[in-house]
Amino acid sequence: MTARVPDRLYIDRADRELYDDQTLKSEVFAQRENRDQFLFAMCLGFKHRVRRHLNSREGFFLAKNLRPKDEALIDSVALHESKSADVLADREQVFLIAEEYAHAGIRLLHGEATSGQPGSFIKRLELELFELLEDLHTD
Amino acid sequence: MRIERLILKNYRQFRQAQLKFAGRAGTDLHFLVGTNASGKTNLLNAINWCLYGDEPHLSKDSQQLPLLNLITLDRAEPGQIHEVSVEVWTETDEGALLTFVRRAPFSKDDERQVTQQGTTFTVHYTDTEGNTQICKDDAALPWVERFVPARIREFFFFDGERLDSYFKQATAQNIRHAVFDISQLELLESRVQKRLESTLDDLTKEAGRANPKIEKARAGQEQARAQLDDTNQRIEECERQIEIARASLAELAEKLKGVPDTIALDEERTQLDERLQDTKRLLKAKVDERETLLIESGSLLMLWPAISGAQRLIDEKRKLQELPPPVDKALLDDVLRTATCSVCGRPLDDESGRRVHALLQEVELASQSMHRLQEMEIPLYGFKEEVELFRGRVEVIAGEIDQHEKTLEAFAARKTQIDRELAGYNEALISRWYIERTTFEQTRDQNQQRLGALLSMRTEAEKDFSEAQEQLAKELKKEERVRELRRKVSFCKRAVEVVRATREAIVTETRQRIEAETKRYFFKLVWKRATYSDVRISDDYGIRLIHSMGYECLGSLAASERELLALAFTLALHRASGFDSPILIDTPVARISGEQRGKFAQVLCEVSTSKQIVLLFTPAEYSEDVSRHLSGRASSRFELRPLAGELETKVEVL
């Protein structure tokens, strides 16, 4: 068991320019904090089940900025990944899982947001989410 | 009387010009043709300047120029005197000659400043025996009054375009003054009536000196009369303002017929712009709200397998009562601290100690995880609700966005429609018309209210005056000493009443005569005879044109028809006035076209059999319709030819 609780969450240094990309900022991240951008990237990475190891780490936002619902999301991902509740005691591991999903997710997000017409990403997202919702109800 | 000759020297663009208006049996018609700025209107001004000392038809450009011809001015040496002179030679019916001459010397200084050195006015009257009488300056003025009195000269020497505006401004007042002036009642009023009234005042003052009560009554009557006169003047002014407002409103109504209300449309357009901006802001807020919903709820949907997995785990742990854990952590802490089992009291050996430590770690580990699971429980159930509501919320927001977009489309469409309605219109001009209309409506309404009050005041003032007169009469009757005076006063009063009644009778008769002649001339001039049935000048001097369907239609006349009506009225005034002085009309048919010009020419030919008529045409006015009627009948024809530089005009006989 590890008692160390990291004080921040990290991104890969190379991802900074993706988070700062103007298209992404206007299409997805308009006036959103780093925390929200990270979490959305994490969700996208999880949706596609892609994790990538961080090569060089750079602090992105402080852990104290995580709200309870944000922590719940991150913990859910860690639980799903490790299949054991014990992982929840290891905050480093929990954060690492989130960071690796976010690392994969931001690339996927950048690709999707910059591939279509301006304003089309949100439209495609809406359609995909409705499909997910359908699948949910079917399940 | 007729103008026999007009001689101009150095008068504006006429350096040396002489026009002889030779009469011919059966006709005394003359015309001049000249382009714009050739000097037609300045011929009219020349006659006015000669006879009356002013130039009422001067253009704005000419107002800046000196009277002295510019070529003469340019050639003049400093200190040299050059004279402007205009001579109007007239001939009476009896064959006597009456010559009006006005001269004005000018000098130029070293800085090319020109100064007029006064003016002289002389009248030469030569009777049929050859005897000549010469009068100068003020002494000559009565001769002018015999020719064309100053007060009514605008009916003899006038600009044809002015005719159109004649009926626009205070019609009834114009007509009342015209009838009064033409009736030549000024003599009756100023000489006879005023003299009688003055004598009456003197007599009553004399009686007042004999008796203070009479003086008091006299002063009271005077005050009451002054009050009544003042009220009457105010009523007249009020009525004039109402007429002006009414005429202007009729004119504006014509202008605004079919024209969009630019002020209202412009206001609507401004409001639409504001509402467009508001709706755009609302739309953007909804779009942002939708994006936020998609991002936030989208995160949940994408993580749903993890979220639902976590929920299931929590439910399991809750079923297994592993939330919270059953081990008393504090107890284990205490055992390790005291190195004594708190159950049996035995000291802990190494093995026991390691096992308690491991158990505590396990408890701590389990507690931390379970603690986290417990903390996750509430947010996870919140996520479930959020996901369930997601579709509904998205659809609601989509509906609102759709509504805003439709509203924006509707606003944009209405703006386009307004722009289309206003296209081609001079918005600023039309807005001004609407503002003018509102102003005139307010003026009319305010003056009508004022008039009502003034009419009441007049009734009171008349009553006060009547009472004051009675009081004075009573006091005069009481006083024996003023019996003789009383007799004279009574005589004067009766005489004043007779004069007034005579005046009213003359005015009424003149009005009726003018009405009949106006109608006669109008139906000769107008193109659409069958459209109109009557022309009336009522007791209040309002001119009414009656449509064949029975309603009054003066306000809806076209400008050309209005000009013909004004011309008919003017000719009627001439017949009623008894003055056979000539008529000079500048641009007589400017607003009249087609067949009406021919009729106009015909009527003038008829009038010219008994009166001299001089017409000043532009080439465009002197159309075939006009020349067909006039050229054969004209006694003389002239052309005004501006020379190079337009500083001089030559008069050529055609």
Side-chain angles (χ1 to χ4, degrees), chain A residues 1-3 5 27-32 36-37 39-49 67-81 83-91 94 97 101 105 119 121-137 139, chain B residues 284 287-288 290-314 316-317 322-323 325 358 360-384 386-392 394-395 397-398:
Chain A
M1 185 185 73
T2 173
V5 179
E27 291 282 311
V28 187
F29 292 152
Q31 295 169 358
R32 295 192 198 283
D36 298 322
Q37 296 175 37
L39 289 173
F40 190 74
M42 177 195 80
C43 292
L44 202 60
F46 179 85
K47 175 178 176 273
H48 290 276
R49 298 294 190 273
R67 298 160 295 187
K69 64 174 187 173
D70 301 328
E71 294 223 46
L73 286 178
I74 291 175
D75 289 343
S76 300
V77 170
L79 272 176
H80 186 271
E81 199 68 8
K83 308 287 186 239
S84 164
D86 292 343
V87 72
L88 298 180
D90 187 349
R91 299 319 288 167
V94 168
I97 293 169
Y101 271 125
F121 172 75
I122 287 293
K123 286 193 177 68
R124 279 182 277 124
L125 177 65
E126 187 177 347
L127 288 170
E128 284 178 21
L129 293 178
F130 280 135
E131 280 172 16
L132 279 176
L133 199 57
E134 282 301 316
D135 295 341
L136 226 68
H137 287 138
D139 293 346
Chain B
K284 185 171 179 318
V287 167
D288 289 346
R290 185 182 67 173
E291 277 181 21
T292 303
L293 179 62
L294 289 175
I295 300 282
E296 289 183 358
S297 297
S299 302
L300 302 182
L301 280 168
M302 286 189 276
L303 290 186
W304 193 250
I307 292 168
S308 56
Q311 276 175 342
R312 277 195 298 276
L313 183 62
I314 289 169
E316 264 175 43
K317 295 292 181 189
E322 288 178 18
L323 296 174
L360 188 59
Q361 267 194 332
E362 196 183 324
V363 164
E364 279 180 351
L365 185 62
S367 290
Q368 209 172 8
S369 305
M370 292 306 111
H371 183 66
R372 283 298 311 143
L373 277 179
Q374 195 179 36
E375 281 181 344
M376 283 168 71
E377 192 173 12
I378 292 173
L380 289 177
Y381 279 105
F383 293 159
K384 188 175 174 203
E386 216 174 302
V387 163
E388 280 169 2
L389 293 174
F390 172 72
R391 182 185 283 276
V394 168
E395 284 171 356
I397 294 173

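Just so we're clear, the structure is a prediction, and the values are computed from it rather than from any experiment. The chains referred to below are lettered A, B, ... by the order of the sequence lines, with proteins before strands, and numbering in each begins at 1.
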Among R290(B), E377(B), R391(B), E296(B), residue most engaged with chain A (heavy-atom pairs, under 4.5 Å): R391(B)
Contacts of residues 307-314 of chain B with chain A (heavy atom under 4.5 Å):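 When heavy atoms of chain A are the reference, residues 307-314 of chain B contributes I307(B), A310(B), L313(B) within the under-4.5 Å range.
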Interchain contact, V387(B) with chain A, by part (heavy-atom threshold 4.5 Å): both
Segment of L300(B) engaging chain A (4.5 angstrom heavy-atom cut-off): side chain
So which atom in [X] and which in [Y] form the shortest heavy-atom distance, rounded to 0.1 Å?
X	Y	value
L380(B)	S76(A)	CD2-OG, 3.6 Å
V28(A)	I295(B)	CG1-CD1, 3.5 Å
A72(A)	M376(B)	O-CE, 3.7 Å
F40(A)	M302(B)	CE1-CE, 3.5 Å
R32(A)	E291(B)	NH2-C, 3.8 Å
S299(B)	C43(A)	CB-SG, 3.4 Å

Whether over 12 other heavy atoms sit under 6.0 Å from Q31(A) CD: no
Atom CD1 of I378(B) with >12 non-hydrogen neighbours under 6.0 angstrom: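 No, not enclosed.
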Gap separating the CG atom of L303(B) from the CD1 atom of I74(A), nearest 0.5 angstrom: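 Taking CG in L303(B) and CD1 in I74(A), the distance rounds to 10.0 Å.
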Spatial distance of atom CD (E126(A)) from atom CG (L293(B)) [nearest 0.5 Å]: 9.0 Å
Contacts of type side chain to side chain contact (heavy atoms under 4.5 Å, CB included), residue A78(A), not counting sequence neighbours: V87(A), V94(A), I97(A)
Set of side chain to side chain contact (heavy atoms under 4.5 Å, CB included) partners for R67(A), sequence neighbours left out: R35(A), D36(A), K69(A), D70(A)
Best-contacting candidate, L88(A), V77(A), L44(A), against chain B by heavy atom pairs under 4.5 angstrom: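 With the most close heavy-atom pairs to chain B, the winner is L88(A).
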S369(B) and its side chain to side chain contact (heavy atoms under 4.5 Å, CB included) partner, picked from L79(A), D86(A), D75(A), D90(A): D86(A)
Any H80(A) side-chain heavy atom under 4.5 Å of P305(B) side chain: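 They are in side-chain contact.
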Under 4.5 Å from any heavy atom of chain B - which part of L125(A): side chain
Residues that F130(A) engages under ring-ring contact (aromatic ring centres under 6.0 Å, His included), provided they are two or more places apart: F390(B)
